[in-house]
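Working notes, beginning with the structure itself.
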Number of protein chains: 2
Amino acid sequence: MTDRQSASMEDYLEAIMVLDREGGKVTVTRISQAMGVKKPSVTSALSRLVEMGFATHEKYGEIHLTGKGLRIARDVYKRHQALKRFLIDILDVKEDIASEDACRMEHYLSSISVERLDKFIEYVMGCPQGKPLWLEGFNYYLNHGKRNPEHMAACSSRCKVSSKNGKLF
Amino acid sequence: MTDRQSASMEDYLEAIMVLDREGGKVTVTRISQAMGVKKPSVTSALSRLVEMGFATHEKYGEIHLTGKGLRIARDVYKRHQALKRFLIDILDVKEDIASEDACRMEHYLSSISVERLDKFIEYVMGCPQGKPLWLEGFNYYLNHGKRNPEHMAACSSRCKVSSKNGKLF
DNA sequence: CCTCTTAGTTAGGCTTATCTAACAATTATG
DNA sequence: CATAATTGTTAGATAAGCCTAACTAAGAGG
């Protein structure tokens with residue numbers, strides 16, 4: 001039922017979904033540019049997606065995901081976002097690196113682990129009073145190579161009111 | 001200089017290193033069993049590793065990693081451990097799932113991100129007084145679907161004295 | 001409506017990484 | 001030490017996924 005597709009197929013499905021959300025027709029050229037592959041690769045991939053029942057594509061015509069295809073695309077995207085948010089918000093990795101890492105790893109995280117990761121981010125970032133102090137402490141640790149004596153004394157996880165990472169994505 | 005090899009090549013290098021650490025001669029058969037591939041695949045992979053200067057292997061003879069090969073193997077293994085420890089110790093994922101996830105993702109985490117992840121685990125698990133209370137709070141959140149009111153009141157990250165995860169690996 | 005440009009497809013080749021079947025070398029055993 | 005069992009290699013097939021080159025379809029401008 002929930003068999004994973006190849007990394008490549010997942011990438012195509014995800015790209016089609018994202019391009020569709022961006023608006024306008026989803027074309028071979030757009031997919032090609034978005035994914036950094038040549039157009040014949042897209043045509044070839046599309047024929048496999050169609051064969052597997054994940055997309056529809058009439059010659060020279062429109063490209064759409066089927067229900068099945070969309071479900072997979074959303075799954076992949078969810079994994080992508082969870083990984084990216086973790087890397088950026090918790091580990092303080094720069095956005096471009098985080099995105100690249102997420103793009104590569106999104107195909108390999110089990111559903112159990114995504115679920116946990118999602119909950120973890122929710123738990124940490126959803127701290128009622130804002131960014132947890134212990135996370136501030138981690139930043140200090142990253143920058144200074146040692147624990148902040150103040151944090152160690154208090155060992156407090158009281159939350160900051162304003163979050164440093166205010167952007168939605 | 002630090003070009004990443006393919007996932008498959010990294011897997012072979014890692015397996016050879018681990019088998020070597022386990023003791024005894026590293027043989028085609030052992031590699032084959034450890035990795036779940038047939039023996040001709042191992043022979044073929046070995047010839048590529050030798051060609052790239054990552055291993056030595058005389059016909060019907062001994063298999064060893066070169067310095068270059070060992071360096072890569074250690075890198076991969078480090079990523080593996082970081083991911084696994086994170087999944088188990090922080091996200092409370094079961095060991096077998098964590099290992100599988102780590103095995104697949106270990107090839108795709110950038111060096112910057114491993115570094116951060118390592119530091120993160122070090123920071124969290126190395127809390128002077130033991131397992132942080134906020135992490136206990138996360139466990140509660142996982143099991144009950146909501147924050148523990150007590151933790152919310154205190155929002156404390158004081159550490160438990162004894163760690164629940166006492167094993168080294 | 002004809003031509004030129006752009007978009008998409010087809011054909012064919014390459015690489016990686018796997019497999020099976022058959023063969024060769026090595027090791028163990030009576 | 002001769003033969004059987006194990007171990008390792010070679011040859012050849014297959015599949016995914018990418019590429020280039022060449023072709024065809026569709027659409028835009030004069």
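Computed from a predicted structure; not experimentally measured. Letters A, B, ... are given to chains in the order of the sequence lines, protein chains preceding strands, and every chain is numbered from 1.
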Could you label the plane-to-plane angle of the Tyr108(B) and Tyr108(A) rings as parallel, tilted or perpendicular, counting under 30° as parallel and over 60° as perpendicular?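 Plane angle under 30°, so parallel.
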How many whole angstroms separate atom [atom1] of [X] from atom [atom2] of [N]?
X: Gln33(B); N: dT7(D); atom1: CD; atom2: C1'; result: 11 Å
X: Lys38(B); N: dA22(C); atom1: NZ; atom2: P; result: 16 Å
X: Leu46(A); N: dG17(D); atom1: CG; atom2: P; result: 13 Å
X: Arg4(B); N: dT16(C); atom1: CZ; atom2: C1'; result: 19 Å
X: Glu58(A); N: dG8(C); atom1: CD; atom2: P; result: 14 Å
X: Met9(A); N: dC18(D); atom1: CE; atom2: C1'; result: 11 Å
X: Ile31(A); N: dG8(C); atom1: CD1; atom2: P; result: 9 Å
X: Leu49(A); N: dG17(D); atom1: CG; atom2: C1'; result: 13 Å

When you measure from the side chain of Ser99(A) to the backbone N and O of Asp96(A), does any donor-acceptor pair fall under 3.5 Å?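 Between the backbone of Asp96(A) and the side chain of Ser99(A) there is no qualifying donor-acceptor contact (under 3.5 Å).
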Hey, does the side chain of Arg30(A) reach the backbone of Leu19(A) with a donor-acceptor pair shorter than 3.5 angstrom?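 Present.
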Is there a path of hydrophobic side-chain contacts, each under 4.5 Å between heavy atoms, that joins Val50(A) and Ile72(A)?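 They do not share one cluster, since no chain of ILVMFWY contacts under 4.5 Å joins Val50(A) to Ile72(A).
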Would you say Met17(A) and Met52(A) are hydrophobically clustered, going by side-chain heavy atoms of ILVMFWY under 4.5 Å?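 Yes; tracing contacts between hydrophobic side chains, which count when under 4.5 Å, links both residues.
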Per the end-axis method with five pairs at each terminus, what is the bend angle of the helix from dC1(C)-dG30(D) to dG30(C)-dC1(D), to 10°?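 The end axes of the helix from dC1(C)-dG30(D) to dG30(C)-dC1(D) are about 0° apart, to the nearest 10°.
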Using a heavy-atom cut-off of under 4.0 Å over every strand shown, decide if Val42(B) touches base, sugar-phosphate, or nothing.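 It contacts nothing in the nucleic acid.
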How many angstroms lie between atom CG of Leu135(B) and atom CH2 of Trp134(A), to the nearest 0.5 angstrom?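 The CH2 atom of Trp134(A) is 8.5 Å from CG of Leu135(B), to the nearest 0.5 Å.
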Proximity to the side chain of [X] - top-ranked nucleotide from [options]:
X: Arg48(B); options: dA17(C), dT9(D), dC18(D); value: dA17(C)
X: Ser6(B); options: dT16(C), dC19(C), dT9(D); value: dT16(C)
X: Thr29(B); options: dT18(C), dG8(D), dT16(C); value: dG8(D)

Test side-chain contact (heavy atoms from CB on, under 4.5 Å) on Leu13(B) and Tyr77(B); report intermediate values, then the result. CA-CA 10 Å; Leu13(B) 291 170; Tyr77(B) 191 70; over 6 Å; no
With a 4.0 Å cut-off, would you call Lys78(B) and Glu115(B) a salt bridge?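 Glu115(B) and Lys78(B): salt-bridged.
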With sugar-phosphate taken as primed atoms, P, OP1 and OP2 and all else as base, the protein-contact string of nucleotides 10-15 of chain C at under 4.0 Å (heavy atoms; B, S, -) is B-----
Between [N] and [X], is there an OP1 or OP2 to side-chain N/O distance shorter than 4.0 Å?
X: Tyr12(A); N: dA16(D); value: no
X: His57(B); N: dT9(D); value: yes
X: Ser41(A); N: dC19(D); value: yes
X: Ser8(B); N: dT16(C); value: no

Of the options Arg79(B), His80(B), Gln5(B), which is the one that meets Glu10(B) in a side-chain hydrogen bond (donor to acceptor under 3.5 Å, both in side chains)?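 Of all the options given, the one that passes is Arg79(B).
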Side-chain heavy atoms of Asp20(B) within contact of Leu65(B), under 4.5 Å: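 No, their side chains stay 4.5 Å or more apart.
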